[in-house]
Amino acid sequence: MLALDSSRQALRYDRAMDHAARDVTTISSPTAVAGPRIALLGLGTVGTAVAQRLLDPAWSAAVAARGHRVPRLVGIADLDLERDRGLDIPADVRQVTDFGELLDEQVDLVVELMGGAGVAGDAVLAAFRAGKSVVTANKHLLALRGRELEDAAREAGVRLRFEAAVMAGVPVLGPLVDQLAASRMSRIRGILNGTTNHILSTMASDAREYEDVLAEAQLRGYAEADPSSDVEGLDAAYKLVLLSRLAWGGWADVDTLRRGNPTLGSDVAVGISAVKRSHLGAAARLGLSIKLVARAERLADGSVRGAVTPMAVAAGSPIGSANGVSNIIELIADPAGRVSMAGPGAGGAATSSAILADVLALSAGAGSSWGQLPPAADLAIEDDLVGPQGWLVVIDGLGALGFPESVKPLALATTDEAFVTQPVTLTELTARSRLFDLAMTVYPVLVDAS
């Protein structure tokens, strides 16, 4: 009986296919509905990628097919309009060198991709005064002037969105504000800079030194000619400020965030500039990787601690095994638990995806990136290396001298030139290390990273 019913259903289906055209329901291509008129400020790598999509009829058709109003590029501001960027810009798209010329009634929405915190910040504020909402990927600007911009946007009654400022095309800010709104965020941690992750993972896999890999990364375009923002941890610190704003309600001062580990017996270095091939080898023999980890944690008393420094991480963990230019973030909250996201953290294509998603969100009536959060206060992020914790201690030349008796009570695991300690304060570790004269580099151990 079941087979008979099935054959009858198939027969009815086949007959339906033979109906006259007037009897067949068809789905026609949606008619594109005009969306916001866009002024693009900045035509660098990311700005060019955004312009390419805004000018691409196939992209516009795909946007319309998903039910969105189609944004239209009507103006571009850049200091160098003569350089060939491979764009076929229509004659009706205004091209100017002064962004102020685009803040008129012919523009609905501004996309700021100029970079920096000075002129770019002035442009965003001018757009607010002109009644324009803004989309930006400028984490430098937001980290340094975020509270000022947020206050100005609220006062002007306009919106500011910046999903692309953290992890490029990987959506993390939206879920942090919306999908995880019912959970209390307790920890944020991850790899937020692809350049440093590429350098460290290449050093480890190829047994090469920092300077050599950095130079190659610059030649391949993975690192800037001036790589300081990346390798000294500033870029990741900017992103941590944005994440903390949305997680805990305040804008932190990026200059107060620790960006270097103690190097006992020599000068303290920021970011990854003091990491050596020997350190990575010693870590690997102990089952660890060394990664530049941005992290912040809200304690039971409401205070927040954090930093952006190299850490020793279990090699098989998601953070420890992330290689190349990949980014990964873990959000730990109650009752949601641990939520992880990973993907490309930079590049014109990935970043343009997040920027244009923000444009479409504004076109559909969405609010600012902070959603329903109340106006921000100031947020103090205290140094997270002050309390007891495990340490990976690397001592060049230790193998030739033998393991020092002074630190044996602290050691949980050892190699010839490194050991991992039980939880101990940096003060106690420093006091014990003064009993011998070798320079030590210490890396905090990231716990609960499996």
Salt bridge (charged side-chain N to carboxylate O under 4.0 Å, His left out) evaluation trace for Arg145 with Glu148 = CA-CA 5 Å; Arg145 301 176 65 178; Glu148 175 191 5; 2.9 Å; yes
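- For the residue pair Asn261/Thr309, the side-chain donor-acceptor check at 3.5 Å is satisfied.
- Asp253 and Thr256 form no side-chain donor-acceptor contact under 3.5 Å, judged by distance and modelled atom types alone.
- Taking CG from Leu362 and OG from Ser368, the interatomic distance works out to 7.5 Å, rounded to the nearest 0.5 Å.
- To the nearest 0.5 angstrom, Thr196 atom OG1 is 12.0 Å from Glu232 atom CD.
- Separation of atoms CG (Asp235) and OG (Ser228) is listed at 10.5 Å; rounding is to 0.5 Å.
- Salt-bridge check for Arg295 with Asp384: passed, with a basic side-chain N closer than 4.0 Å to an acidic carboxylate O.
- Under the 30°/60° scheme for interplanar angles, the aromatic rings of Phe162 and Trp251 are found to be tilted.
- Side chains of Val275 and Ile199 form no contact here, defined as non-hydrogen atoms less than 4.5 Å apart.
- Classification of Arg85 and Asp78 as a salt-bridged pair holds, one side-chain N sitting under 4.0 Å from a carboxylate O.
- Judged by distance alone, with hydrogens and angles left aside, the side-chain atoms of Ser244 form no donor-acceptor pair with the main-chain N or O of Val241 at under 3.5 Å.
- Using modelled atom types and a 3.5 Å distance limit, the side chains of Asn138 and Thr136 yield no donor-acceptor pair.
- Here CG of Leu356 is found 5.0 Å from CG of Leu54. Values are rounded to the nearest 0.5 Å.
- Arg258 has a carboxylate O that lies under 4.0 Å from a charged side-chain N of Asp383, or vice versa, which qualifies the two as a salt bridge.
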Exercise for the section: Show the numbers, then the answer: is there a side-chain contact (heavy atoms from CB on, under 4.5 Å) between Val308 and Leu240? Expected result: CA-CA 8 Å; Val308 180; Leu240 187 61; 3.9 Å; yes
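- Separation of atoms OG1 (Thr415) and CZ (Arg285) is listed at 5.5 Å; rounding is to 0.5 Å.
- In this structure, Arg305 does not pair ionically with Glu297, as no charged nitrogen and carboxylate oxygen lie closer than 4.0 Å.
- The distance from the CG atom of Asp178 to the OG atom of Ser369 is 9.5 Å, given to the nearest 0.5 Å.
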